[in-house]
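Contents: one structure, followed by commentary.
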Amino acid sequence: MEFTEFRVKTRVVAGWNLSGSLDIELARADLERGLVVTDPGVLPLAERLLSAAHHRLIGVYDSVTPNSEVGQVEQLADRAREEGARFLLAVGGGSVIDTAKAAAIVLTEDGHLLDHQGVNVLNRPLFPVAAVPTTAGTGSEVTGYAVIRDKGAASKVVFTSEWLAPVLAVLDPALTLGLPPGLTAATGMDALTHAVEAYLSNRAGPFSDALALAALETIYRYLPQAVRDGSDREARWHLLIASCQAGMAISWAMLGCCHALAHACGGWREVPHGVANAILLPHCLEYNRPVAETRWWTLADAMGADPVKGVAALARRIGLPTRLSEVGVTESDLEPLAESAILDGSIYTNPREATLEELAEILRAAY
Ligand SMILES: [Fe+2]
């Protein structure tokens, strides 16, 4: 008999200008004494939220950088301890939310952050995190993943556990209205890659399939619209919902070789995560095509195009680079990147078991 399972640990609420009534949502979730976690770019918004929900929030930590690192996570955890915070409210993109999730590990478990990397090492409730995403991309507001850069090893460390999922996600598309085209394009392609990899994953199930296909169809349709006109409310709403759906899909089905390679590019050369995915995805699709069988045609149906050509054309249309050589990767990087990718947890759910040489070949094709 077949078996399947699905759950979303996060309570998700979505609505225009919902962040303005954040205090109500925090009260419903019984969250008080929260430290806001953000980056300098999002600080003005975070301060607005702090004053709107000042009964439930105690301060702001605004030092998160684009590829957040282990040291920063520890700094945030120290600050939360000093201030007697009882939850973290992440307001920002993937790096901000992942930094808060990783700090929750330090605030709950003994030992060093890096002791807890890997799959299901964390197996009890963690210090609570609530998330207000300001990009439509990572889906980190609902996933059980946190990805942090280990500067010393020049690699990305992935923490995976259902307990990492935030307790509350507040989706307010108004917060994404001002995002510049480049960031909209890159984060949107990250979400699209989540949908595609979840659907082709060897762990895919009927519930993750439904979420992945709905997300894929929506992102493929609305991303160019949001890049062209950042104030398009219809496109912004659909993209924020779809990136969250894709996050739910990968929470169960997990990822594949594209994310393994993108994590390596991010750790090694700090290539922005969405840009790395956009460059690599057509080549990873080509690689996985022989084992995709009927799923290939369902992908094609959802996109109304051949998956490889459709993804490559979309990335070009929204102005993203199409080669690794354009984003600071050198030819001598390709071998170590493949070596790093084969150790990444995302590789285990790729539908085709990739060898080191095959990963290097994908990188050469994308170079
Ligand atoms: Fe991603």
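Order of appearance sets the numbers: ligands from 1, and atoms from 1 within every ligand. As a basis for the values below, the full set of heavy atoms in this structure was taken, side chains included, without hydrogen atoms, waters or symmetry mates.
- Judged purely by distance below 3.5 Å, without hydrogens or angles, the side chains of S95 and D98 never pair a donor atom with an acceptor atom.
- In summary, E326 and R323 do not engage in a salt bridge, as defined by a charged side-chain N under 4.0 Å from a carboxylate O.
- Annotation: cation-pi pair R352/Y287 present, NZ/CZ under 6.0 Å from the ring centroid and within 45° of its normal.
- Relative to the ring axis of Y199, R295 places its NZ or CZ within 45° and under 6.0 Å from the centre.
- Below the 2.8 Å limit, the Fe ion (ligand 1) has as protein N, O or S neighbours D190 OD1, H194 NE2, H259 NE2, H273 NE2.
- T99 and S68 share a donor-acceptor pair across their side chains, judged by distance under 3.5 Å alone.
- Evaluated for a side chain to side chain donor-acceptor pair (under 3.5 Å) with H273, the options H259, H263, K156 yield exactly one hit, H259.
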